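Just so it is clear, the model here is predicted, and its values are computed rather than measured. All ligand and atom numbering here is 1-based and tracks the order in the structure.
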Amino acid sequence: MKEVNITELERMFQEKIDQDIKIEPKDWMPDDYRETLIRQISQHAHSEIVGMLPEGNWITRAPNLRRKAVLLAKVQDEAGHGLYLYSAAETLGADREDTIDDLHSGKAKYSSIFNYPTLTWADMGAIGWLVDGAAIMNQVPICRCSYGPYARAMVRVCKEESFHQRQGFEIMMTLAKGSPEQKAMAQDALNRFWWPALMMFGPSDGESKHTAQSMKWKIKRSTNDELRQQFVDVTVPQAEMIGLTLPDADLSFNEATGHYEYGEINWAEFWEVVKGNGPCNKDRIDTRRKAKEEGQWVREAATAFAQKRAARKSA
Ligand code: 3HC
């Protein structure tokens with residue numbers, strides 16, 4: 001077979017990307033492309049799994065059976081998204097155990113938003129409306145990502161996220177139209193989750209170390225600031241519709257650009273939370289470590305059963 005040098009391989013690879021030809025697991029790809037996908041997909045999966053914790057906190061305290069059933073369904077969906085994404089990372093050669101150990105050791109990141117506490121039932125509404133709303137804004141473009149398995153996983157995930165966002169907004173709408181105490185609870189949740197939701201899109205484009213290359217490889221189809229702006233433009237009218245006020249005195253609509261202009265994000269807070277110093281970082285990781293320890297017997301039993309069945313088959 002004709003020797004093809006790396007430069008030629010990279011040229012041919014970028015040509016496929018530029019022609020929107022999907023890259024599949026068995027295709028040649030630059031090591032850096034593989035590494036950044038493993039980084040992003042595994043951290044995306046960690047976000048889904050850790051994201052179950054703040055909401056799981058309210059399943060037993062939902063105000064009625066309908067709300068409990070909807071929240072239970074949503075949290076179960078997040079587990080499925082996480083497992084889907086861990087599988088997508090495995091198609092790139094990531095080892096599942098190592099990936100999960102990286103989360104537990106603090107080596108891997110997950111979305112900063114999940115390090116904030118959920119103090120009232122209204123937080124379930126704010127998370128569904130804002131966090132899943134932001135996740136949809138960020139995940140829809142990934143359905144057109146250059147890496148096949150990631151793009152295909154996102155198609156299914158985004159369908160479920162739409163239900164998550166709708167049920168969250170319905171909780172907020174119900175509370176906002178309820179008693180003065182209920183409206184105040186919804187406003188308090190919005191006040192606490194608005195800015196951390198904007199931080200979900202990552203640092204500003206000028207500070208993002210991955211965006212330029214991820215755009216070239218079509219892992220990202222829009223930049224962090226572009227998606228953040230889209231989210232603000234869609235969400236501000238929704239808050240106004242239900243009579244809630246966004247906690248940003250600098251928020252204003254620019255008729256000339258057709259976009260909302262918003263205040264300065266507290267990047268010092270963002271990086272502190274990303275570094276592990278948020279209100280709930282330690283609690284979240286301790287809970288995930290404990291879940292792994294307590295689930296060890298299940299994995300051992302499943303392995304023993306599989307080995308016994310394999311032995312019977314080969315006998
Ligand atoms: N929380 C924690 N870390 C963050 C972050 C956040 N909100 N935003 C950025 N970072 C980290 C990045 O991981 C990167 O660190 P690393 O090199 O150690 O991985 C660093 O900050 C620089 O940021 P960049 O913008 O340069 O990094 P990316 O190009 O990876 O962009 C991203 C960050 C936009 C989050 C991108 O990784 C992405 O789109 N990921 C896929 C979507 C995702 O993970 N969403 C998280 C929420 S999932 C969710 O909400 C589930 C829903 O069902 C509730």
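Residue R39 holds the heavy atom nearest to atom 12 (C) of ligand 1 of all those in K209, H44, R39. Among K109, K74, H210, the residue whose heavy atom lies nearest to atom 27 (O) of ligand 1 is H210. Of the options A134, P203, A45, the smallest heavy-atom separation from atom 22 (C) of ligand 1 is shown by P203. Looking at F270, F114, Y110 and measuring to atom 10 (N) of ligand 1, the nearest heavy atom belongs to F270. The closest non-hydrogen atom to atom 42 (C) of ligand 1, taken over T223, L130, V75, N138, comes from N138. Of the candidates D77, I219, N115, N224, it is N224 that places a heavy atom closest to atom 25 (O) of ligand 1.
Checking side-chain atoms of K292 against main-chain N and O of H104 turns up no donor-acceptor pair under 3.5 Å. Not one N or O on the side chain of K16 forms a donor-acceptor pair closer than 3.5 Å with the backbone of I21. With hydrogens and angles disregarded, no donor-acceptor distance shorter than 3.5 Å links the side chain of R156 to the backbone of Y84.
Y150 and T91 share no donor-acceptor pair across their side chains, judged by distance under 3.5 Å alone. Side-chain atoms of T223 and D205 form a donor-acceptor pair, as typed in the model, at a separation below 3.5 Å. Between the side chains of T118 and N57, at least one donor N or O lies within less than 3.5 Å of an accepting N or O.
Listed by atom number, the atoms of ligand 1 under 4.0 Å from V274 heavy atoms are 2 (C), 3 (N). Of all the atoms in ligand 1, the ones that sit under 4.0 Å from a non-hydrogen atom of Y150 are 41 (C). Counting the atoms of ligand 1 from 1 in the order shown, those under 4.0 Å from a heavy atom of M199 are 7 (N). Atoms of ligand 1 lying under 4.0 Å from any heavy atom of W271, numbered from 1 in the order shown and given with element: 21 (O). With ligand atoms numbered from 1 in the order given, ligand 1 contributes 13 (O), 19 (O) to contacts under 4.0 Å with heavy atoms of Q43. Each of the following atoms of ligand 1 lies closer than 4.0 Å to a heavy atom of F201: 34 (C). Atom numbering of ligand 1 starts at 1 in the shown order; those under 4.0 Å from a heavy atom of M200 are 7 (N), 47 (C), 50 (O). Counting the atoms of ligand 1 from 1 in the order shown, those under 4.0 Å from a heavy atom of S111 are 1 (N), 7 (N), 46 (C), 47 (C).
Of the protein's heavy atoms, S47 CB, 3.8 Å lies nearest to atom 48 (S) of ligand 1. At the top of the distance list for atom 38 (C) of ligand 1, counting protein heavy atoms only, stands Q40 NE2, 3.5 Å. Regarding atom 51 (C) of ligand 1, its nearest protein heavy-atom neighbour is E48 OE1, 3.3 Å. Given atom 1 (N) of ligand 1, the protein heavy atom at minimum distance is S112 N, 2.9 Å. Atom 31 (O) of ligand 1 has its closest protein heavy atom at K220 NZ, 3.1 Å. Ranking protein heavy atoms by distance to atom 8 (N) of ligand 1, first place goes to G202 CA, 3.2 Å. Here the heavy atom of the protein found nearest to atom 52 (C) of ligand 1 is E161 OE2, 3.5 Å. Regarding atom 26 (O) of ligand 1, its nearest protein heavy-atom neighbour is S208 OG, 2.8 Å.
Q19 is not listed as a side-chain neighbour of Q14, based on a closest heavy-atom distance of 4.5 Å or more. Looking at heavy atoms from C-beta onward, Q165 lies in side-chain contact with W129 at the 4.5 angstrom threshold.
If you look at H164 next to ligand 1, there are no close heavy atoms at all, none under 4.0 Å. With a 4.0 Å heavy-atom cut-off, ligand 1 is reached by no atom of I127.
At least one protein heavy atom sits closer than 4.0 Å to atom 54 (C) of ligand 1.
Salt bridge K290/E294: present, at least one basic N to carboxylate O contact under 4.0 Å. With salt bridges taken as basic N to acidic carboxylate O contacts below 4.0 Å, one links E170 and R67.
Tested against E161 for a side chain to side chain donor-acceptor pair (under 3.5 Å), the candidates R166, K74, Q139 yield a single pass: Q139.
Two rings, from H46 and Y86, have their centers less than 6.0 Å apart.
Of the inter-residue distances, the one linking F13 atom CZ with M29 atom CE reads 7.0 Å to the nearest 0.5 angstrom. Note that NE2 of H210 and OG1 of T36 are 5.5 Å apart. Values are rounded to the nearest 0.5 Å.
Linking ILVMFWY residues whenever their side-chain heavy atoms come closer than 4.5 Å, directly or via other members, leaves I142 and F231 in distinct clusters.
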